[in-house]
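Comments concern the structure below.
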Protein chains: 2
Amino acid sequence: MRLTLYTDYALRTLIYLGLKGDRRASIREIAEAHRISENHLVKVVHRLGRGGFVETMRGRGGGLRLARPAAEIRVGDVVRFTEEDMALVACFQPPGESGGCALIDACRLQSLLGEALAAFMAVLDRRTLADLLAAPEREAVLARLGLGPGTTGVEAPRAPGNGE
Amino acid sequence: MRLTLYTDYALRTLIYLGLKGDRRASIREIAEAHRISENHLVKVVHRLGRGGFVETMRGRGGGLRLARPAAEIRVGDVVRFTEEDMALVACFQPPGESGGCALIDACRLQSLLGEALAAFMAVLDRRTLADLLAAPEREAVLARLGLGPGTTGVEAPRAPGNGE
DNA sequence: AATAAGATGCATCAGCAATGCACCTTATGG
DNA sequence: CCATAAGGTGCATTGCTGATGCATCTTATT
Ligand code: SF4
Ligand code: SF4
């Protein structure tokens, strides 16, 4: 019962971008702030881009930023999108693959687990990225990430220029 | 986001034992019925025994059966007991281990995931093994497992003697 | 004794998440 | 236009750990 690091990295990235507001961030910058593998993060970011969560821009002065306001990015959607394998048990995936349980089609456990998973996701769907950013501990996060205070664009979403 | 096969095997075993009622079953028997590794099941059963879910008996004529009535075995408890690693993300386990996230102590995601996990387990805690056995598809399960009908003790919970 | 069960520990396998590397593509700037 | 700084893409490698197999011991029945 574990989420992949991949998913957590995706969420960390979104948090970082949310704190940074309008300004773009490069993959390297984010990887260094979090002390995580840059190579791995490349794939995470790319996927987030294809999923419409972040907007990437190549070339000099490029980088990434949130594609939508933080308040419109539901945590549940991110998890659903980045976590590849949401099959709690073997029978969740289409039959014929990986063994196949003898009880399939006649097992109540199956639906119970499905129900539990739905409850899990429901909690995550109730919150957006903005909720994660609004934490009172925000300043502490900023410090840990090496971002200065007052530069997040969160309390001043209408930053004049987005020039990097 | 996956439960281990270990956990699923444990639940399958309990379902099997529940259907079998008072009669003991051997590990081999259960493994064959479910077409799963006997060696692996040995460990599962052993752990279930240490956890007080099943009652094992060695030697000839030995085997295992439920240690408590099915209605008193909560699904959530079984999952909690058999699933070793319930740390959804790295930060769930005590600090100092496996990297350590830069956001720890200041991350809202952490508590949100904890909340979601609690919701997940709450669903499982609401049901007992008896609920899994009472499914209308019971006959189908019995057939698939090679157990004859009318021998489960489920519809006749007040079996006169518990003699094996 | 012989046999049929579970108990226990160790070795091995296999899948896949995680990581690294090489190279390509796109954009900016001078 | 070329140099450079970004992201895009594919493939190779590593490492963890769940899953499996095997050998041996212990316990109980007949
Ligand atoms: S026992 Fe039930 S939940 Fe588990 S794999 Fe079989 S059908 Fe699915
Ligand atoms: S980002 Fe938050 S949830 Fe993820 S590991 Fe760090 S502290 Fe935990």
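Quick caveat: nothing in here was measured; it's all calculated off a predicted structure.
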Starting at atom [atom1] of [X], determine the distance to atom [atom2] of [N], rounded to an integer number of angstrom.
X        : N       : atom1 : atom2 : result
Glu84(A) : dG15(C) : CD    : C1'   : 15 Å
Arg24(B) : dA4(C)  : CZ    : P     : 18 Å
Ile27(A) : dT19(C) : CD1   : P     : 15 Å
Arg2(B)  : dG18(D) : CZ    : C1'   : 11 Å
Met57(A) : dT25(C) : CE    : C1'   : 15 Å
Asp8(B)  : dA19(D) : CG    : P     : 10 Å
Leu5(B)  : dG21(D) : CG    : P     : 12 Å
Phe53(A) : dG7(D)  : CZ    : C1'   : 19 Å

Contact under 4.0 Å: Tyr9(A) side-chain N or O vs dT19(C) OP1/OP2: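 Tyr9(A) to dT19(C) OP1/OP2: side-chain N or O found under 4.0 Å.
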
Phosphate-side-chain proximity, Thr56(A) and dG8(D), N/O vs OP1/OP2 below 4.0 Å: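 For Thr56(A), the contact criterion (side-chain N or O under 4.0 Å from OP1 or OP2 of dG8(D)) is met.
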
DNA chain C-proximal residues of residues 36-52 of chain A, any heavy atom under 4.0 Å: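 Result for residues 36-52 of chain A: Ser37(A), Asn39(A), His40(A), Lys43(A), sorted by number.
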
pair Ile104(A)-Gln110(A): side-chain heavy atoms closer than 4.5 Å: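 They are in side-chain contact.
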
Exam field: side chain Glu29(A) to backbone Ser26(A), donor-acceptor pair closer than 3.5 Å: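 The answer is yes, because a donor-acceptor pair under 3.5 Å joins these two groups.
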
Arg127(A) side-chain N/O to Asp131(A) backbone N/O, donor-acceptor pair under 3.5 Å: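 The answer is no, because no donor-acceptor pair under 3.5 Å joins these two groups.
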
Shortest non-hydrogen contact between Leu109(B) and Asp8(A), atoms and distance: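 In this case the closest contact between Leu109(B) and Asp8(A) is CD2-OD1, 3.9 Å.
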
Can you give each donor-acceptor pair under 3.5 Å made by side-chain atoms of residues 50-63 of chain A, sequence neighbours left out, with the distance rounded to 0.1 Å?
from: Glu55(A); atom 1: OE2; to: Arg65(A); atom 2: NE; distance (Å): 3.0
from: Glu55(A); atom 1: OE2; to: Arg65(A); atom 2: NH2; distance (Å): 3.1

Whichever of Gly63(B) and Thr4(A) has its nearest DNA chain C nucleotide further upstream toward 5':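 Final value for this comparison: Gly63(B).
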
Pairwise 5' ranking along DNA chain C for Gly59(B) and Gly59(A), keeping only the more 5' one: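 The answer here is Gly59(B).
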
Compile the donor-acceptor pairs under 3.5 Å between side chains in residues 75-87 of chain A and protein atoms, sequence neighbours left out, one pair per line.
from: Asp77(A); atom 1: OD1; to: Arg74(A); atom 2: NH2; distance (Å): 3.4
from: Asp77(A); atom 1: OD1; to: Arg80(A); atom 2: NH2; distance (Å): 3.4
from: Asp77(A); atom 1: OD2; to: Arg74(A); atom 2: NE; distance (Å): 3.1
from: Arg80(A); atom 1: NH2; to: Asp125(A); atom 2: OD1; distance (Å): 2.7
from: Arg80(A); atom 1: NH2; to: Asp125(A); atom 2: OD2; distance (Å): 2.8
from: Thr82(A); atom 1: OG1; to: Thr7(A); atom 2: OG1; distance (Å): 3.2
from: Thr82(A); atom 1: OG1; to: Val78(A); atom 2: O; distance (Å): 3.0
from: Glu83(A); atom 1: OE1; to: Thr4(A); atom 2: N; distance (Å): 3.3
from: Glu83(A); atom 1: OE1; to: Thr4(A); atom 2: OG1; distance (Å): 3.2
from: Glu83(A); atom 1: OE1; to: Thr7(A); atom 2: OG1; distance (Å): 2.5
from: Glu83(A); atom 1: OE2; to: Thr4(A); atom 2: N; distance (Å): 3.4
from: Glu83(A); atom 1: OE2; to: Met1(B); atom 2: N; distance (Å): 2.8
from: Asp85(A); atom 1: OD1; to: Ala87(A); atom 2: N; distance (Å): 3.0
from: Asp85(A); atom 1: OD2; to: Arg2(B); atom 2: NH1; distance (Å): 3.0

Centroid-centroid under 6.0 Å between Tyr6(A) and His40(A) rings: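 Centroid separation for Tyr6(A) and His40(A): below 6.0 Å.
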
Donor-acceptor pair present, Arg58(A) side chain and dT25(C) base, under 3.5 Å: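 Checked by distance alone, the answer is yes.
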
